[in-house]
Amino acid sequence: MARGKKIYEGKAKILFEGPEPGTIVQYFKDDATAFNAEKKDVIDGKGVLNNRLSEYFMTGLGQIGVPTHFMKRLNMREQLVRNCDIIPLEVIVRNFAAGSMSKRLGIEEGTQLPRPIVEYCFKDDSLGDPLVSEEHIAAFGWASQQDMDDILGLALRVNDYLSGVMYGVGIRLVDFKIEIGRVYEGDFQRLVVADEISPDSCRLWDIETGRKLDKDVFRRDLGNLTDAYAEVARRLGVMPKGTGPQKPTLVN
């Protein structure tokens, strides 16, 4: 499937114009970054795994009625998605204390929270994606109150789905972040889960051993990142046992 000109290149993906109006081709890179891109590397096969895993999760969400921008996977590194206006927020759902929450609040990593906590960060790498409140979001017009109600509902439904899927394969969903986009059907606006869902955007710990199976492996120099992501893919049946991720060239 032919893709058009490049629209945008981020830290982990490249977006191209899609073959039809209202579509985008999303290409998954092997680049890994941490600490607002202060730490960088290229991890062979990472993009392939994230493409396949994001397809798996987005398809599963669609099957339970959670709207997403995902349309179909095109090849090992690309997928076709609906074009949408991204709300400039990272929506973070936390089930256990970890990362920045542990640092901010002095809570030991791994502490189970009394209920899922949803946080919002303003998407701006130059500012370090600062934590913001619903008051900020309303005051600066990033989303309406109705949008925020819908975003909260979507985030908690994604959490229920991911938590169950991961628990079933012996993985604890510590936290994750998603992005939400607006799609328009005539004058009607609908909010959808956008961007990606992958070990890049989740904290995943083995339930029995506590082994990290997410980007913290790269952040904290805990081993081979591709091996960690491949383990998640194998447990979910996305990649057959005994196989490793492939590294194909970009398909034109």
Side-chain angles (χ1 to χ4, degrees), residues 1 3-29 47 50-74 77-93 118-125 127 129-134 136-138 140-162 175-202:
M1 180 178 290
R3 49 180 167 77
K5 68 179 182 180
K6 183 165 74 173
I7 300 170
Y8 170 80
E9 181 168 358
K11 291 178 286 189
K13 293 182 293 298
I14 306 173
L15 304 182
F16 299 92
E17 290 181 344
E20 301 292 338
T23 65
I24 286 177
V25 173
Q26 186 166 258
Y27 172 81
F28 287 76
K29 299 160 60 176
N50 280 348
N51 184 27
R52 295 297 300 272
L53 285 164
S54 193
E55 173 197 18
Y56 178 90
F57 295 129
M58 293 289 191
T59 300
L61 288 171
Q63 289 171 346
I64 63 169
V66 177
T68 78
H69 74 161
F70 178 80
M71 298 175 72
K72 64 179 179 179
R73 181 170 60 83
L74 300 175
R77 288 187 180 273
E78 295 178 324
Q79 54 185 233
L80 187 68
V81 300
R82 293 188 66 177
N83 189 14
C84 55
D85 293 335
I86 298 293
I87 295 172
L89 299 171
E90 290 182 348
V91 182
I92 302 165
V93 183
V118 181
E119 298 179 331
Y120 306 98
C121 290
F122 178 52
K123 277 178 55 65
D124 189 320
D125 287 342
L127 299 175
D129 299 326
L131 192 68
V132 294
S133 69
E134 290 195 35
H136 293 102
I137 295 167
F140 297 119
W142 297 326
S144 68
Q145 186 57 57
Q146 182 61 58
D147 287 339
M148 293 308 300
D149 292 344
D150 293 343
I151 288 170
L152 178 62
L154 285 172
L156 292 176
R157 290 185 70 191
V158 173
N159 187 48
D160 286 345
Y161 166 76
L162 289 179
D175 58 37
F176 67 92
K177 65 181 179 182
I178 54 174
E179 294 184 16
I180 302 295
R182 296 185 178 97
V183 296
Y184 298 92
E185 296 161 355
D187 294 331
F188 177 71
Q189 170 197 291
R190 186 161 60 121
L191 298 184
V192 301
V193 178
D195 193 44
E196 69 176 292
I197 299 176
S198 75
D200 267 10
S201 58
C202 304

Non-neighbouring partners of Tyr161 that pass ring-ring contact (aromatic ring centres under 6.0 Å, His included), sequence neighbours left out: none
Could you pull out all residues at least two apart from Asp160 that satisfy side chain to side chain donor-acceptor pair (under 3.5 Å)? none
Sequence neighbours excluded, the answer for side chain to side chain donor-acceptor pair (under 3.5 Å) partners of Glu134 is none
With the side chain counted from C-beta on, respond yes when Tyr27 and Asn51 share a heavy-atom pair under 4.5 Å apart, and no when they do not. no
Partners of Ser201 by side chain to side chain contact (heavy atoms under 4.5 Å, CB included), sequence neighbours excluded? Lys177, Ser198
Interatomic distance, CD1@Ile137 vs CD@Gln145, rounded to 0.5 Å, equals 9.5 Å
Report yes if some heavy atom in the side chain of His69 is under 4.5 Å from a heavy atom in the side chain of Met58; otherwise report no. yes
Sequence neighbours excluded - salt bridge (charged side-chain N to carboxylate O under 4.0 Å, His left out) pairs with any residue from residues 50-62: Arg52-Glu55, Glu55-Arg73
Do Ile7 and Glu17 have side chains that approach each other closer than 4.5 Å (heavy atoms only, starting at C-beta)? yes
Residue set satisfying side chain to side chain contact (heavy atoms under 4.5 Å, CB included) with Asn159, at least two apart, ordered chain then number -> Val93, Asn95, Pro116, Ser163, Leu173, Phe176
Just to verify, what does Phe140 make a ring-ring contact (aromatic ring centres under 6.0 Å, His included) with, not counting sequence neighbours? Trp142
Could you grab the distance from atom CZ of Phe28 to atom CG of Leu53, nearest 0.5 Å is fine? 9.5 Å
Side chain to side chain donor-acceptor pair (under 3.5 Å) partners for Lys13, two or more places apart: Asp195, Glu196
Might you work through the side chain to side chain contact (heavy atoms under 4.5 Å, CB included) test for Glu9 and Lys29, ending with a clear yes or no? CA-CA 10 Å; Glu9 181 168 358; Lys29 299 160 60 176; 2.9 Å; yes
Mind checking what makes side chain to side chain contact (heavy atoms under 4.5 Å, CB included) contact with Glu119, not counting sequence neighbours? Ile92, Arg94, Met101, Arg104, Ile117, Leu131
With sequence neighbours excluded, tell me which residues meet side chain to side chain donor-acceptor pair (under 3.5 Å) with Asp200. Lys46, Asn50, Tyr229
Quick one: CD1 on Ile151 to CD on Glu179, what's the gap to the nearest 0.5 Å? 11.5 Å
Nearest 0.5 Å, please: how far is CG in Asp149 from CG in Leu154? 11.0 Å
Quick one: are Leu89 and Ile180 in side-chain contact, heavy atoms under 4.5 Å? no
Taking the side chain as everything from C-beta on, heavy atoms only, tell me whether Leu80 gets closer than 4.5 Å to Pro19. yes
Can you find a heavy atom in the side chain of Val25 that is under 4.5 Å from one in the side chain of Leu15? no
Does Arg190 have any salt bridge (charged side-chain N to carboxylate O under 4.0 Å, His left out) partners at least two apart in sequence or in another chain, and if so, which? Glu185
Under the criterion side chain to side chain contact (heavy atoms under 4.5 Å, CB included), I'd like the reasoning laid out for Tyr8 against Ile14: C-alpha separation, chi angles, the key distance, then a yes or no. CA-CA 6 Å; Tyr8 170 80; Ile14 306 173; over 6 Å; no
Atom pair CD1 (Ile24) and CZ (Phe16), whose distance is rounded to the nearest 0.5 Å: 11.5 Å
I'd like to know whether Val158 forms a side chain to side chain contact (heavy atoms under 4.5 Å, CB included) with Ile197, so could you lay out the CA-CA distance, the side-chain angles of the two residues, the decisive distance to 0.1 Å, and finally the verdict. CA-CA 10 Å; Val158 173; Ile197 299 176; 4.3 Å; yes
Check the pair Glu90, Phe122 against side chain to side chain contact (heavy atoms under 4.5 Å, CB included), reporting the backbone distance first and the verdict last. CA-CA 6 Å; Glu90 290 182 348; Phe122 178 52; over 6 Å; no
Got a sec, which residues hit side chain to side chain contact (heavy atoms under 4.5 Å, CB included) with Arg182, two or more places apart in sequence or on another chain? Asp85, Ile87, Ala143, Asp147, Tyr184, Gln189, Leu191
Hey, are the side chains of Pro67 and Val193 touching, using non-hydrogen atoms and a 4.5 Å cut-off? no
Heavy atoms of Cys84 and Gly181 approach each other most closely as SG-CA, 3.9 Å
Given 3.5 Å as the limit, does a donor-acceptor pair link the side chain of Arg157 with the main chain of Ile64, or not? yes
How about Thr23 and Val81: do any of their side-chain heavy atoms sit closer than 4.5 Å? no
